Amino acid sequence: MVACFVEENGTHRLDFVFAHGRKEEIEKRCTVIPVVIGTTNLVQNRRILKDVEVIIGTWESPVFTPQQVREFFPSLKLVLYAAGSVRYFAHAYLENGVTVATAAAEMAIPVAQLTVSIIVQCARGFYNAEPMYRKTGWSYAHKLVTQTYPGLYDKTPIGLIGMGQIGRLVAKMLKNFDVRILAFDPFLSDEKAKELGVEKVTLEELFASSQVISNHLANNPQTVGMLDYHLFHLMRKTAAFVNTGRGAQVVEADLARAMEEEPLRSAVLDVTTKEPYPVDGPFRTLDNVCMLPHIAGFAEQDVLRFSDWVIRQLERYQNGEPIENIVTEKRLETMA
């Protein structure tokens, strides 16, 4: 079996994800061509590409055209993506009958872990306590926070928007707490909701009832600007909004307005519409908004989950076993 690594613009993402001996493990299992392939070096490597059966990539994978896939990869059977979303490049492969699989389920794990930790903190008023302590002193902050925010007990309502891989994993992890999980997802069946232990509600009900609201909507044109002031103004006076999904779903001026109106609310934003967030943006001046630099997807060792997943799929391919987490055109419609 012949494989090749792909990457665009020399970003060295491959070196990051396939570190700690993972690249060497792959080379033990198949013949890897000695050149990293991108859109600019297809022609000069035409001869060695003709035998490639498996493409391996991660962030910054090249976007080939359907014609380029046909012309330069005539033997290609499988694309293994050691990251999450494949929306930006998968269509050309699928159009040519090539199997595309993603490590999105592996990426869901660190995202869900961080999300749950933030939810726990928000329920305790953590992100309000720090600036309050700094500005008003220990006694006032201690009394207000401990007597205002509920924590996670006696069925504290937690709202999850979007029940894809990450939303479902967050729901599963939250079962370790005494919470009531409200969920909004038009694609979630009653049967699956029961299996997950969540209550299906409207977006309005979710925003009005939840102590902490966590966004996991898919990133597609239908969800852009979906979360606006109509919803944010429904939030409880001490509620929190958490976004470890995508920034485009949030009308940011509306969220800022809702946070300014009720200082005991909080928002924790790992993502924003523009990254980095503008220096003159309204969130910059709000003490009850915490912005993170898009860190939910992985930490330095978390990325090894993705490369280990690739190694497992190579073994499955060689043994004639089904590949995990295959992407189809239909599935792309609702993927993040």
Side-chain angles (χ1 to χ4, degrees), residues 13 16-17 57-61 80-88 101-123 126-127 152 158-177 179 181-185 187-188 192 196-198 206 210 212-220 223 226-227 240-250 266-273 275-277 290-310 324-325 327 331-332 334-336:
R13 293 282 201 163
F16 176 53
V17 175
T58 184
W59 298 288
E60 309 296 340
S61 283
L80 297 175
Y81 186 63
S85 177
V86 298
R87 288 173 61 89
Y88 71 98
T102 168
E106 304 300 313
M107 179 173 277
I109 296 171
V111 175
Q113 288 172 338
L114 183 64
T115 301
V116 171
S117 72
I118 293 172
I119 289 172
V120 173
Q121 292 170 332
C122 284
F126 179 94
Y127 295 95
L152 297 176
I158 307 297
L160 303 181
I161 311 171
M163 294 300 291
Q165 286 182 316
I166 296 172
R168 294 181 185 194
L169 190 52
V170 169
K172 181 179 179 181
M173 292 179 178
L174 285 173
K175 288 184 177 180
N176 293 313
F177 302 91
V179 297
I181 305 174
L182 309 180
F184 170 80
D185 189 323
F187 300 101
L188 182 67
K192 192 64 180 179
L196 292 168
V198 304
L206 188 148
S210 301
V212 184
I213 299 154
S214 187
N215 175 43
H216 305 286
L217 285 171
N219 191 36
N220 56 47
T223 62
M226 188 171 170
L227 307 180
F241 176 74
V242 179
N243 194 2
T244 55
R246 290 292 189 272
Q249 287 99 44
V250 177
S266 61
V268 182
L269 309 175
D270 187 49
V271 290
T272 50
T273 302
E275 295 181 356
Y277 185 71
C290 173
M291 288 188 294
L292 305 173
H294 205 145
I295 62 171
F298 59 90
E300 190 267 341
Q301 285 188 213
D302 282 319
V303 296
L304 300 180
R305 293 180 187 274
F306 315 154
S307 51
D308 286 344
W309 174 85
V310 168
E324 298 171 328
N325 215 5
V327 175
R331 190 176 168 207
L332 278 180
T334 57
M335 286 185 73

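Scope of the values below: all heavy atoms of this structure, side chains included, with no hydrogens, waters or symmetry mates. Note that the structure is predicted; figures quoted are calculated from it, not measured.
- For F184, there are no ring pair (Phe, Tyr, Trp, His ring centres under 6.0 Å) partners at least two apart in sequence or on another chain.
- Residues meeting the side chain to side chain contact (heavy atoms under 4.5 Å, CB included) test with A104, sequence neighbours left out: T102, Q165, N325.
- Under the side chain to side chain donor-acceptor pair (under 3.5 Å) criterion, T223 pairs with Q249, not counting sequence neighbours.
- Remark: V120 engages V116, L152, F177 in a side chain to side chain contact (heavy atoms under 4.5 Å, CB included) (not counting sequence neighbours).
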Using residues 108-115 as the side-chain source, report each donor-acceptor pair under 3.5 Å to any protein atom, sequence neighbours left out, with the distance given to one decimal.
| unit_1 | atom_1 | unit_2 | atom_2 | d |
| --- | --- | --- | --- | --- |
| T115 | OG1 | V111 | O | 2.7 |
| T115 | OG1 | T244 | OG1 | 2.8 |

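- Residues passing the side chain to side chain contact (heavy atoms under 4.5 Å, CB included) test with A299, sequence neighbours excluded: D302.
- The ring pair (Phe, Tyr, Trp, His ring centres under 6.0 Å) search around F187 returns none, not counting sequence neighbours.
- Partners of Y277 according to the ring pair (Phe, Tyr, Trp, His ring centres under 6.0 Å) rule, which considers only residues two or more places apart in sequence or in another chain, are F283.
- Residues satisfying the side chain to side chain contact (heavy atoms under 4.5 Å, CB included) criterion with K175, sequence neighbours excluded, are absent altogether.
- Taking the salt bridge (charged side-chain N to carboxylate O under 4.0 Å, His left out) definition, one finds that E275 meets it with nothing, sequence neighbours left out.
- By the salt bridge (charged side-chain N to carboxylate O under 4.0 Å, His left out) test, K192 pairs with E195, sequence neighbours left out.
- Here T273 pairs with E252 under the side chain to side chain donor-acceptor pair (under 3.5 Å) rule; sequence neighbours left out.
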